[in-house]
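Read the structure below first, then the notes.
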2 protein chains.
Amino acid sequence: MKTLKIPEATIIRLSMYSRYLSQVEERGVEMISSGEIAEGVGVSPAHVRKDLAYFGEFGTRGVGYNVGELQSHILNILRLNREWRVVIVGIGYLGSALTMYRGFRERGFDIVGIFDADAAKVGRELSGLTVRPLEELESIIREKQVGIGIITVPATEAQQVADKLVAAGVSAILNFAPCVLTLPPHVELRNVDLSVNLEVLTFNLGSRRKF
Amino acid sequence: MKTLKIPEATIIRLSMYSRYLSQVEERGVEMISSGEIAEGVGVSPAHVRKDLAYFGEFGTRGVGYNVGELQSHILNILRLNREWRVVIVGIGYLGSALTMYRGFRERGFDIVGIFDADAAKVGRELSGLTVRPLEELESIIREKQVGIGIITVPATEAQQVADKLVAAGVSAILNFAPCVLTLPPHVELRNVDLSVNLEVLTFNLGSRRKF
DNA sequence: TAGATTGTTAATCGATTAACAATC
DNA sequence: TAGATTGTTAATCGATTAACAATC
């Protein structure tokens, strides 16, 4: 059995290909080449073929890829051929935004519970969901077999929340709090920092010599 | 003159070091070693030293780094030693969340205008700012010398908005719409996709062999 | 067969890491 | 001087790209 390590950049690109294929599918296109996909998402054709080659042979030489089939293969690879149930903890502005964000549902992520420690927020309705107290976190996660927890609380509370999510049995955590979380190795963690994106931009601006 | 290309990963790590140093500064610590920084942000000590070495010699052999000085150097490198004026276009849930997000202001990003094409939203107050119509975008950008535009409109409108931002003279665009933007080369672009983060998590979950 | 495009190899390029000389 | 930690080199590792054989 091959246990090739897949670069994370490959996974991110697969996600981009998949989104682009959705658009292409809507236009009713049946076949597509690596070059067209590459142009559509802004990478090289060799990249497209290499990324796909990690997982199998999905195309026909001399012809290209069947759009629907390729899309289906990529969704399988990304494990998006099922629903993932998600909870969001911390219903401030960011948590609210993520709760309303339609992009998650489109990709098979179903938000089934939203939580906040602030009693003043508990009971509010948002996008068809009711904000619940943290005490109910564990029971909801177990009951609805939630796999993923999203943390949008302040950094000072993030570790506590993470511990509760882990105790309740989530497999993965997406953390928006700017802090380093300590988790058992069987839980997947991904940190997102919104403002680092602006900082990369400002650095790049500064390092340009042309303007 | 050296024109070494700096890896983007280095910039992202510098941003992390800087955040960690802020915490350390608050505790009143004066000196710190590459090993401590490395542990604090979860990278290797060699990484910390190498990243810094791209830009100069900021430490003292046998001793370590002065926390305040190092912080100041990193902020210079990231161009955070000044204020950056920012506008946000598209005041849906995500745009609202970013408007309220305190993390930007902390790092020197000052949101000076928020805009929406929807007349029903124009005039609303948010975080001390009033939602303005798109027609006022150009004049505000010029008047307040805005350098960065954040796009949080639907994908179908993103290119139009980007064109307006460019015409008005922004230097950089942070795009949250899931689409490929075409911009002149003198404008820095960075795309952020919120749901790709969840997809990387689900892929990683699927590719674990241990559980 | 001629034209086209994939899948894959090999070469290039770049980033990470270990190790150590420099130096406080 | 002995101990410690940086700055830097060289070795390793991994990812990207170009090129082409395979094949429709």
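From a predicted model like this one, the values you see are computed outputs, not experimental measurements. Throughout, a chain's letter reflects where its sequence line sits, starting with A, and its residues are numbered from 1.
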Could you tell me whether R49(A) and E57(A) have a side-chain N and a carboxylate O separated by less than 4.0 Å?
no
Watson-Crick/G-U partner (both atom distances under 3.5 Å) of dT12(D):
dA15(C)
At under 4.0 Å between heavy atoms, what does T10(A) touch on the DNA or RNA strands: base, sugar-phosphate, or nothing?
nothing
Phosphate oxygens OP1/OP2 of dT17(C): is one of them under 4.0 Å from a side-chain N or O of S44(B)?
yes
Hey, does the side chain of T60(B) come within less than 4.0 Å of dC24(C)'s phosphate (OP1/OP2), counting only N and O?
no
Heavy-atom check, side chain of L126(A) versus side chain of M100(A), under 4.5 Å
yes
Could you tell me whether the phosphate oxygens of dT5(D), OP1 or OP2, come under 4.0 Å of any side-chain nitrogen or oxygen in S33(B)?
no
Passing option when D193(B) is tested against R13(A), R19(A), R107(A) for salt bridge (Lys or Arg N to Asp or Glu O under 4.0 Å)
R19(A)
Short side-chain N/O contact from Y54(A) to OP1 or OP2 of dT16(D), under 4.0 Å
no
Decide yes or no, distance alone: a donor-acceptor N/O pair under 3.5 angstrom between the base of dG7(C) and the side-chain of R49(A).
yes
Could you check how far CE of M31(A) sits from P of dT5(C), rounded to whole Å?
11 Å
Quick one: on DNA chain D, does V63(B) or A46(B) contact a more 5' nucleotide (nearest heavy atom)?
V63(B)
Reference residue F104(A); test side-chain contact (heavy atoms from CB on, under 4.5 Å); the match among T99(A), L98(A), D110(A)
L98(A)
dC20(D) - base-pair partner by Watson-Crick or wobble geometry, distances under 3.5 Å
dG7(C)
